[in-house]
Amino acid sequence: MSKAIYPGSFDPVTFGHLDIIKRSASMFDELVVGVLVNNAKHPLFSVEERTQMLEEAVKEYPNVSVIAFDGLLIDYMKEHDISVIVRGLRAITDFDYELQIAQSNRKVSNETIDTVFLTTSIDYAYLSSSIVREYASYGTDVRAFVPEFVARRLQDRYQSK
Ligand code: PNS
């Protein structure tokens with residue numbers, strides 16, 4: 001059975017992430033979406049909130065599950081018998097960083113782990129969680145970028161700040 005993990009911060013999940021999830025879910029028997037717990041970036045949403053929003057967003061895909069992970073990604077993967085990482089590539093600016101992580105993960109895992117890159121749909125090539133947060137923080141409607149329930153959560157979060 002083929003199993004892959006799509007890791008990230010997902011702060012919050014965007015249509016760009018959901019496009020990668022939809023496409024990779026059709027390539028693997030099982031797709032685990034891994035939400036990073038210990039994030040040095042001081043996320044806007046807690047790991048519980050980020051996980052819960054993702055669960056809501058992927059509920060139509062029976063072979064997709066959402067988990068929170070702490071520590072090294074490859075340790076989680078070894079423990080759960082996963083050998084493929086999925087990442088989305090938006091533009092050449094993503095490439096340097098992604099290549100570095102993919103190659104170091106492969107080295108540190110004694111070449112047992114591979115990373116598969118999907119090019120982001122052209123519709124979402126410009127999109128990132130940080131851009132969504134920035135617009136939402138000024139009260140802009142972000143429903144073109146994220147599911148409606150996520151847009152509401154962003155609105156609530158920034159209104160209460
Ligand atoms: O959405 P992001 O923030 O670009 O995702 C980055 C992520 C979560 C994939 C990466 O930071 C990660 O795998 N972190 C877990 C810790 C780890 O394994 N580090 C070694 C490679 S940087």
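Note that the numbering runs from 1 along the sequence shown for the chain. Values below: all heavy atoms of this structure, side chains included; hydrogens, waters and symmetry mates excluded.
- Counting heavy atoms of neighbouring residues, nucleotides and ligands inside a 6.0 Å radius, atom NZ of Lys22 does not exceed 12 of them.
- Each of Leu127 and Ile122 belongs to its own hydrophobic cluster when Ile, Leu, Val, Met, Phe, Trp and Tyr are linked at side-chain heavy-atom distances under 4.5 angstrom.
- Below 30°, between 30° and 60°, or above 60°: for Phe15 and Tyr124 the angle between ring planes is between 30° and 60°, a tilted geometry.
- Taking the six-membered ring for Trp and thresholds of 30 and 60 degrees, Tyr135 and Phe145 have ring planes inclined between 30 and 60 degrees apart.
- Arg50 places a side-chain N or O within 3.5 Å of a backbone atom of Phe45 that can act as its donor or acceptor partner.
- When hydrophobic clusters are built by joining Ile, Leu, Val, Met, Phe, Trp and Tyr residues whose side-chain heavy atoms come closer than 4.5 Å, directly or via intermediates, Val132 is grouped together with Phe149.
- More than 12 non-hydrogen atoms from other residues, nucleotides or ligands lie less than 6.0 angstrom from CG of Asp156.
- Asn63 contributes a side-chain N or O that, together with a main-chain N or O of Phe28, makes up a donor-acceptor pair within less than 3.5 Å.
- Within 6.0 Å of the CZ atom in Phe95, the count of heavy atoms belonging to other residues, nucleotides or ligands does not exceed 12.
- Tyr97 shares a hydrophobic cluster with Ile101; the chain of contacts runs through ILVMFWY side chains whose heavy atoms sit under 4.5 Å apart.
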Exercise for review: Start with the C-alpha distance between Ile21 and Leu18, add both sets of side-chain angles, then the distance that settles side chain to side chain contact (heavy atoms under 4.5 Å, CB included), and finish with yes or no.
Suggested key: CA-CA 5 Å; Ile21 290 171; Leu18 292 173; 4.1 Å; yes

Exercise for review: Could you walk me through whether Ser109 and Met77 pass the side chain to side chain contact (heavy atoms under 4.5 Å, CB included) test, one step at a time?
Suggested key: CA-CA 10 Å; Ser109 69; Met77 293 175 70; over 6 Å; no

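- Arg23 places a side-chain N or O within donor-acceptor distance of the main-chain N or O of Thr119, the cut-off being under 3.5 Å.
- When hydrophobic clusters are built by joining Ile, Leu, Val, Met, Phe, Trp and Tyr residues whose side-chain heavy atoms come closer than 4.5 Å, directly or via intermediates, Tyr61 is grouped together with Met53.
- Linking Ile, Leu, Val, Met, Phe, Trp and Tyr residues whenever their side-chain heavy atoms come within less than 4.5 Å places Leu44 and Ile131 in a single cluster.
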Check your understanding: Run the side chain to side chain contact (heavy atoms under 4.5 Å, CB included) check on Val35 and Phe69 step by step: do they pass?
Key -> CA-CA 6 Å; Val35 184; Phe69 76 97; 5.8 Å; no

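- Closest heavy-atom contact between Val146 and Leu154: CG2-CD1, 4.4 Å.
- Side-chain atoms of Ser129 never come within 3.5 Å of backbone atoms of Phe10 as a donor-acceptor pair (strictly under, hydrogens ignored).
- A distance-only check finds no donor-acceptor pair linking the side chain of Asn110 to the backbone of Thr112 [under 3.5 Å].
- We find that Arg133 and Asp11 are joined by a salt bridge, their nearest charged nitrogen and carboxylate oxygen being less than 4.0 Å apart.
- Qualifying salt bridge (charged side-chain N to carboxylate O under 4.0 Å, His left out) partners for Asp114, counting only residues two or more places apart in sequence or in other chains: Arg106.
- In this structure a side-chain-to-backbone donor-acceptor pair under 3.5 Å is present from Asp29 to Ser2.
- Counting only distance, with no hydrogens or angles, the side chain of Asp94 and the backbone of Leu89 share no donor-acceptor pair below 3.5 Å.
- Between the Arg87 side chain and the Pro7 main chain, a donor and an acceptor come within less than 3.5 Å of each other.
- Taking hydrophobic clusters as Ile, Leu, Val, Met, Phe, Trp and Tyr residues chained together by side-chain heavy-atom distances below 4.5 Å, Val84 does not share a cluster with Leu99.
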Check your understanding: Step by step, would you call Arg153 with Gln52 a side chain to side chain contact (heavy atoms under 4.5 Å, CB included)?
Key -> CA-CA 11 Å; Arg153 296 283 286 266; Gln52 192 255 319; 2.9 Å; yes

